[in-house]
Number of protein chains: 2
Amino acid sequence: MVVADERRTDTRGQIRQVALELFAEQGYEKTSLREIAERLGITKAAVYYHFKTKEEILRTLFDELLAGMEELTAWAAEQPRTAEVRGEVLRRYQALLGGGATAPLIRFVQESQASLKDLAPGEEMKQRFAALARVLVPEDGSAEEQLRARLAVIALHLGAFSDDVADATPEQRGAAALAVALDLAR
Amino acid sequence: MVVADERRTDTRGQIRQVALELFAEQGYEKTSLREIAERLGITKAAVYYHFKTKEEILRTLFDELLAGMEELTAWAAEQPRTAEVRGEVLRRYQALLGGGATAPLIRFVQESQASLKDLAPGEEMKQRFAALARVLVPEDGSAEEQLRARLAVIALHLGAFSDDVADATPEQRGAAALAVALDLAR
DNA sequence: GTCTATAATACGATAGAC
DNA sequence: GTCTATCGTATTATAGAC
């Protein structure tokens, strides 16, 4: 029987974690593999033992969230396009954003859209993103309704990572974001 | 009397325009001076005759919008914090975004926030941005009101450049964006 | 005002030792 | 699994000719 993957020093996981922090903070292009390696006290070549390319690091960072978004969108597509379903989609999406280290990831996606444009994982994220917004709009939705749906998603994103809201705990920010998102997609 | 600056071939202006297009499309880091020069059929060294550094190009791109935002925020700070004033601020801000080649500029700011973070012009833009959102919130506004104000500004940004809204002219998108922004800052 | 040529440096990625 | 050393290429930026 195969036991759980419990390496004593999970270098691959540490690379992913540091890369995510740096990508979120300063963007993908500006973050070099040398910088990632130095933070871990290893060399660039050691990073290349764990990942074939820089883009592969990015891909593994996106994997979990992409799968969750795909599942959520598929579920939503089978539901009627009612306000109640839209509310449930937003609640489930926010739960998805709350899991694990998703906060820096969603900050990265939100603040580095331009540089993600011509990377395969970024392109897939953009499409999943659009598909999610689509199920939040009634059939033949107006331009205003489409915009409100996009903003509802952005509201949840900002609530998940934004730290410049005065005097609010993460829980308060999350609750406020959900309230605004529900109002936008009502 | 000094006449208007009417050079026959305004290379400096062309550099600014091409740089803005490329920055908006693929981000600041990813856009090289070689790429800008090649689009204009000149060399990198020629670009350096017109601008001392790459960052100086960015600075001149931001100048006009920054001045307009400063003026608008200063005006708003002198008004009472009423819903009517908030509406007028949003209308004036949208007018600001409609002038000249501001659409790619605001797209660039919206989609490359991470890479702009440690560039002086980007930092100034971020602060002007925050100041604008601040005058859109009542005194001691709740976390929800602060988020709504930020989203109102983002709504106008998306309306100014977003091209992925089905079946809508730029005018319709602008009108929809203003309607949503007004609702968010009501 | 634009050019050629180049300096100085960093990047992603690979080879091969240990 | 990590290292040293390096390849090939790109970058920003400068010097100096025309």
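Each chain gets a letter, A, B and so on, in the order its sequence line appears, and its residues count up from 1. Note that the structure is predicted; figures quoted are calculated from it, not measured.
Rounded to whole Å, the distance from OH on B/Tyr49 to C1' on C/dT4 is 18 Å. Put simply, CD on A/Glu56 is 10 Å from P on C/dA13, counting in whole angstrom units. Rounding to whole angstrom units, CD1 of residue B/Ile42 and C1' of C/dT4 are separated by 15 Å. The separation between B/Ile36 atom CD1 and D/dA13 atom P is 11 Å, rounded to whole Å. Here the P atom of nucleotide D/dC3 and the CG atom of A/Leu40 are 10 Å apart, to the nearest Å. In this structure, the CZ atom of B/Arg12 is 13 Å from the P atom of C/dT2, given to the nearest Å. For the pair B/Ile15 CD1 and C/dG1 P, the interatomic distance rounds to 11 Å; values are reported in whole Å.
Contact check, A/Thr43 against D/dT2: no side-chain N or O comes under 4.0 Å of OP1 or OP2. For the pair B/Thr11 and C/dT2, the criterion of a side-chain N or O lying under 4.0 Å from OP1 or OP2 is met. A sub-4.0 Å separation between OP1 or OP2 of D/dG1 and a side-chain N or O of A/Thr9 is absent.
In terms of modelled atom types and a separation under 3.5 Å, the side chain of B/Gln172 and the main chain of B/Thr169 share a donor-acceptor contact. Remark: the backbone N or O of A/Val85 is paired with a side-chain donor or acceptor of A/Thr82 at under 3.5 angstrom.
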Heteroatom pairs (N/O) under 3.5 angstrom, protein to nucleotides 8-12 of chain C:
from	atom 1	to	atom 2	distance (Å)
C/dC11	OP1	A/Ser32	OG	3.0
C/dC11	OP2	A/Arg34	NE	2.8
C/dG12	OP1	A/Lys54	NZ	3.1
C/dG12	OP2	A/Leu33	N	3.1
C/dG12	N7	A/Lys44	NZ	2.9

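Donor-acceptor pairing under 3.5 Å is recorded for the side chains of A/Gln26 and A/Glu35.
One finds a salt bridge joining B/Glu88 and B/Arg91 here, because a Lys/Arg side-chain nitrogen approaches an Asp/Glu carboxylate oxygen to under 4.0 Å.
The side chain to side chain donor-acceptor pair (under 3.5 Å) test applied to A/Arg134 returns no partner, not counting sequence neighbours. Applying the salt bridge (charged side-chain N to carboxylate O under 4.0 Å, His left out) test to A/Arg107 and every residue at least two apart in sequence or in another chain returns A/Glu111.
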